[in-house]
Enquirer: 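Take a look at the following structure, please.
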Amino acid sequence: MISVRDLHKSFGSTEVLKGINAEVKEKEVVCVIGPSGSGKSTFLRCLNMLEEITAGDVLIEGDNLTDPKVNINDIRSRVGMVFQHFNLFPHMTVLDNITLGPMKVKKMKKKDAEAVARPLLEKVGLSDKADVYPESLSGGQKQRVAIARSLAMEPKIMLFDEPTSALDPELVGDVLAVMKELAKEGMTMVVVTHEMGFAREVGDRVLFMDEGIIMEEDTPQNIFSNPQNPRTQEFLSKVL
Amino acid sequence: MRFSFEQKRYRQGANTQMEFITESHYYRVMPFLLEGLVWTLLITFVGLIIGFALGAVFGLARLSKNKIIYGIATVYVEVVRGTPILAQILFIYFGLSDLTGLNIDKITASIIAIAINAGAYIAEIVRGAVYSIDKGQNEAGRSVGLTRGQTMRYIIWPQAFRRMIPPLGNQFVISLKDTSLFSVIAVGELLYMGQQYYGITFAAFEALTMVCIMYLIITVPTAVYLRRVERRLDV
Ligand SMILES: Nc1ncnc2c1ncn2[C@@H]1O[C@H](COP(=O)(O)OP(=O)(O)OP(=O)(O)O)[C@@H](O)[C@H]1O
Ligand SMILES: [Mg+2]
């Protein structure tokens, strides 16, 4: 589903990603962990071209993002992204946040877009918030709306960049529950996270990133109980 | 002179209180000033509408990654902001007609001058407002599959526009006052009409007092209103 080959990314003269190779299969949940500044977000953002790729290839369902002929907006509509800081549109109601994509990208009628949006709001437990503005929501509620907004495009793949790390601890659970539900339904997911519990429970595979490369990659069981790379061991001893 | 003075104006002595008021220069200057005010407002509004269109185009161009587009917009903004508006109006009214042989009328020249002048300042207002919108908004829009244009139109611009309202109001006040400079080409705007009145009556104090009051009647409520809007946007 996602195929990353020798991905390099530089900002000016600093190389942040130094040759990443990774595969994500359909319905797989891959968690990306690693120390701050190791390039996790940059890697994730390269997967939907929010960062321009310096060298290497990223294939999404067979489409190569570095191919100049590729329709990037089309690919992005197949790849949902959830951000650490939610990035809801503050000037729109919750419902309008969710229907904007379907209406403008898929050219759906308002009524049809709302018929997509309402069940999604229900799914994330926020049916009663359809007509409020994002500012009146808690962080956890905002993030669940953001997830619903992405899902409204019916993406094949969902990318999450530390979706719970801007939340108060008591709000994390609701968001993780929604993500677990998604995983159970068979969504292909790449999740950058500091929630080791989530990675252990939901992840099919864990990538440990450090200094712009994937240092180690394994099942959660193996990586958490028996890490091979000394950098992984050091990192896990700090966070677990 | 296209307005005539009635003889009565110069009659000595007012014997009732009503006549005392109606005979005073403060009162007599008003028909002139109201006519001037109409032109002042017309030049300001039409000029600013065009200026806003220019400002939106050049402001967005200033955010372009395309060097040529950015360059053209930057030259426009810097040239206009780096030269006095008085020179600009003379340039447009005399300079351009000299060059092209066309006879631009005074009102048109004034509107063009306000549009071009305010356009440069508004371009910076637009650039600043759009730039101030969190990058995450753009990324969120793009990642649901919206094009750059759609993201600008539905997500960035509506939010940026709210932030433009206070500085645009401020620009309105500035441009309104700037129209007074067009008295140099004898445009019948507010200040010029006041000058016409005291040129004949020598009542400069009264005429200019009323001219200033007329400006203040527009500018003070605008400023008060803007401060309210600003406070509301802050929260
Ligand atoms: N737009 C940018 N311009 C320049 N440098 C950048 C940019 N974005 C990221 N970097 C640098 O790239 C490196 C990796 O950043 P990245 O955000 O991918 O790390 P991360 O692993 O997600 O860290 P964190 O856990 O703190 O989110 C950092 O050193 C960062 O300073
Ligand atoms: Mg990050």
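Bear in mind that the values here come from a model prediction, so they are computed numbers and not experimental data. Lettering of chains follows the sequences in order, A, B, ..., and the numbering in each one begins at 1.
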Enquirer: I'd like to know whether A/Leu100 forms a side chain to side chain contact (heavy atoms under 4.5 Å, CB included) with B/Val144, so could you lay out the CA-CA distance, the side-chain angles of the two residues, the decisive distance to 0.1 Å, and finally the verdict.
Expert: CA-CA 9 Å; A/Leu100 182 71; B/Val144 292; 5.8 Å; no
Enquirer: Checking A/Phe83 against chain B: side chain, backbone, both or neither under 4.5 Å from a heavy atom?
Expert: side chain
Enquirer: With a 4.5 angstrom heavy-atom cut-off, is it the side chain or the backbone of A/Met92 that approaches chain B, or both, or neither?
Expert: side chain
Enquirer: A quick test of your reading: do over 12 heavy atoms of other residues, nucleotides or ligands sit less than 6.0 Å from OH of B/Tyr131?
Expert: no
Enquirer: Side chain from CB out, backbone as N, CA, C, O: work out which of these in A/Leu159 comes under 4.5 Å of a heavy atom of chain B, or both, or neither.
Expert: neither
Enquirer: For chain B and chain A, give me every donor-acceptor pair shorter than 3.5 Å, distances to one decimal.
Expert:
residue	atom	partner	partner atom	Å
B/Gly136	O	A/Asn87	ND2	3.2
B/Gln137	NE2	A/Leu88	O	2.8
B/Glu139	OE1	A/Arg45	NH1	2.8
B/Glu139	OE2	A/Arg45	NH1	3.1
B/Glu139	OE2	A/Arg45	NH2	2.6
B/Arg142	NH2	A/Asn73	OD1	3.2
B/Gln150	NE2	A/Lys104	O	3.1
B/Tyr154	O	A/His91	NE2	2.9
B/Gln159	NE2	A/His91	ND1	3.4

